[in-house]
Amino acid sequence: MAKWALVAHGGAGVIERAHLRPEQDAAYREVMGRVAQAGAAVLKAGGAALDAIEAAIQILEDDPLFNAGRGAVFTAQGDIELDASIMDGGTLAAGAVAGVTRTRHPISAARAVMEHSPHVFLGGEGADAFARSQGLEAVEPSFFFTERRWKSLVRELERQGLPIPRRPAVAPAKEDARTALAHDEGKRG
Amino acid sequence: TVGVVALDADGVVAAGTSTGGVTAKRWGRVGDSPIIGAGTYATNAACAVSCTGAGEYFIRLSVARTICALVELKGLSLQAAVDQLVQRDLTKLGGEGGVIAVAPDGQMAWSFNTSGMYRARIADGEAMVVGIYKDD
């Protein structure tokens, strides 16, 4: 029996070989492997499952290839609203946040709710404020912006016949190379 | 959506999920990811689960908690439980997505009814596996 184990996902959807260029395929595999290795390093050293999860998810939240943290999708209003949750199977302790817009790592906010509040689920500005009160890193909403997600929003709103919000004024003018690699692959979640 | 489940050397399992939701969401829509029991659940009595997909379906099926219940109360293997929820129940309801899971005895599982899911798993004494497509 394995002493420790870890499984990670980066989203599911319409993802077919014909849709990903070789460099896109390689980029996703590289990150998923790095995420697994980062979590495994924590577990190999005797660390807690919660620590492995937080370390691994922070990598995914910082990587613009994935719909979480930086690189997340936009709402119809042109904002980015992030949700996260975490649960400890040993104690049934749990924490969650929804609709945060200024907390760099929502998974850490969820863990802070679990460990440092009497609550399970905080939402919106209150969740961001709680995260700040716990010393978690706060960022401007523009930190999460990526050009490909903005383009996806514009396409979706045009399809639905809804108004296009003003592009965020502080959005980066140019796409970075890694984000430009990725296309909108029709992920579900 | 992204998620990770883990079993540590003390035999404790845990689960975490993080997401930006769906493109062009309105009205303060919240999916399953932050909802304990729907997108995320963990109990040492069964397993730890993280979900990704069309959140409204995962909420209605309480997917993460139900997988744990199937393992704990019905005695299903972890793979059988995740397949029942994803390949049977979720698909029957018209929902799309996938789940990952790990159990205190070291079982690991994933299941998805979409054409792909970015995924990886690794365990003590086992080589890392990374996949994207259904046939990976």
Side-chain angles (χ1 to χ4, degrees), chain A residues 1-17 25 28-29 32-33 35-36 39-40 43 46 48-50 52-53 56-57 60-61 66-68 72-76 80-90 92 94 96-98 106-107 120 152-153 156-157 188-189, chain B residues 1-9 12-26 28 30-31 33-34 36 39-44 48 50 52-55 96-98 100-102 105-106 108 110 112 114-126 128 130 132-133:
Chain A
M1 185 181 103
K3 279 191 280 191
W4 56 263
L6 180 139
V7 190
H9 72 75
V14 183
I15 310 165
E16 296 175 0
R17 288 181 196 281
D25 181 297
Y28 279 107
R29 289 180 194 273
M32 292 310 300
V35 164
L43 297 171
L50 286 171
I53 286 167
I57 289 183
L60 291 161
E61 288 178 336
F66 299 91
N67 179 20
V73 300
F74 286 89
T75 69
I80 291 177
E81 297 178 352
L82 304 166
D83 311 330
S85 63
I86 196 164
M87 186 163 186
D88 180 349
L92 299 188
V97 294
I107 191 66
V120 170
S152 293
L153 173 67
E156 179 60 22
L157 292 176
R188 302 285 184 268
Chain B
T1 305
V2 305
V4 177
V5 295
L7 161 70
D8 65 30
V12 175
V13 294
T17 310
S18 184
T19 191
V22 296
T23 300
K25 64 184 180 182
R26 295 196 287 168
V30 176
S33 293
I36 301 300
T40 304
Y41 199 79
T43 170
N44 264 35
S50 172
T52 174
E96 292 184 326
I100 56 171
V102 67
D105 66 0
M108 297 181 285
W110 54 47
F112 52 99
T114 52
S115 56
M117 180 169 78
Y118 301 110
R119 59 198 188 276
R121 69 184 183 197
I122 188 169
D124 177 37
E126 294 184 27
M128 181 172 71
V130 176
I132 297 178
Y133 316 107

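Lettering of chains follows the sequences in order, A, B, ..., and the numbering in each one begins at 1.
Two residues are said to be in side-chain contact when any heavy atoms from C-beta on lie closer than 4.5 Å; B:Arg119 and B:Phe112 meet this criterion. Using a 4.5 Å heavy-atom threshold, the side chains of B:Ile100 and B:Met117 count as touching. At least one side-chain heavy atom of A:Met32 sits less than 4.5 Å from a side-chain heavy atom of A:Leu60. Inter-residue side-chain proximity for A:Leu157 and A:Phe74 is flagged as unmet; no heavy-atom pair is nearer than 4.5 Å. A:Leu92 places a side-chain heavy atom less than 4.5 Å from the side chain of A:Met87. The side-chain heavy atoms of A:Phe66 and B:Thr19, taken from C-beta on, include no pair separated by under 4.5 Å.
The greatest number of non-hydrogen atom pairs below 4.5 Å with chain A, out of B:Pro34, B:Gly31, B:Gly55, is found for B:Pro34. In terms of non-hydrogen atom pairs under 4.5 Å with chain A, the most contact-rich of B:Ser50, B:Gly39, B:Ala48, B:Gly28 is B:Ser50. Between chain A and the residues B:Ile132, B:Thr40, B:Val102, the most heavy-atom pairs under 4.5 angstrom are made by B:Ile132. When A:Ala48, A:Gly39, A:Ala56 are compared by the number of non-hydrogen pairs under 4.5 Å with chain B, A:Ala48 comes out ahead. Between chain B and the options A:Asp83, A:Val35, A:Leu50, A:Val73, the largest number of non-hydrogen pairs under 4.5 Å is found for A:Asp83. Ranked by heavy-atom pairs under 4.5 Å with chain A, the list B:Asn44, B:Asp124, B:Val30, B:Asp8 is led by B:Asp124. Among B:Ala15, B:Gly16, B:Ser33, B:Ala9, the residue with the largest count of heavy-atom pairs under 4.5 Å with chain A is B:Ala15. With chain A as the partner, the residue from B:Gly125, B:Gly106, B:Ala123 showing the most heavy-atom pairs under 4.5 Å is B:Ala123. The choice from A:Ala52, A:Ala8, A:Ala40 that makes the most heavy-atom pairs within less than 4.5 Å of chain B is A:Ala8. For the set A:Ala36, A:Ala76, A:Ala68, the count of heavy-atom pairs under 4.5 angstrom toward chain B peaks at A:Ala76.
For a residue to count as touching a neighbouring chain, one of its non-hydrogen atoms must lie under 4.5 Å from one of that chain's; by this rule A:Glu156 touches chain B with the side chain only. Looking at A:Glu81, both its backbone and its side chain come within 4.5 Å of chain B, counting heavy atoms on both sides. At a 4.5 Å heavy-atom cutoff, the contact between B:Ile36 and chain A is made by side-chain atoms alone. Within the 4.5 angstrom heavy-atom criterion, no atom of A:Ile80 approaches chain B. Residue contact with chain A, scored on non-hydrogen atoms closer than 4.5 Å, involves the backbone and the side chain of B:Val5 alike.
Of the residues listed (A:Ile57, A:Val7, A:Ile86, A:Ile107), the one engaging B:Val4 in a side-chain contact (heavy atoms from CB on, under 4.5 Å) is A:Ile57, and it is the only one.
No donor-acceptor pair under 3.5 Å is formed between the side chain of B:Thr1 and the backbone N or O of B:Ser18. In this structure, the side chain of B:Thr17 does not engage the main chain of A:Ala84 through any donor-acceptor pair within 3.5 Å.
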Check your understanding: Step by step, would you call B:Trp110 with A:His9 a side chain to side chain contact (heavy atoms under 4.5 Å, CB included)?
Key -> CA-CA 9 Å; B:Trp110 54 47; A:His9 72 75; over 6 Å; no
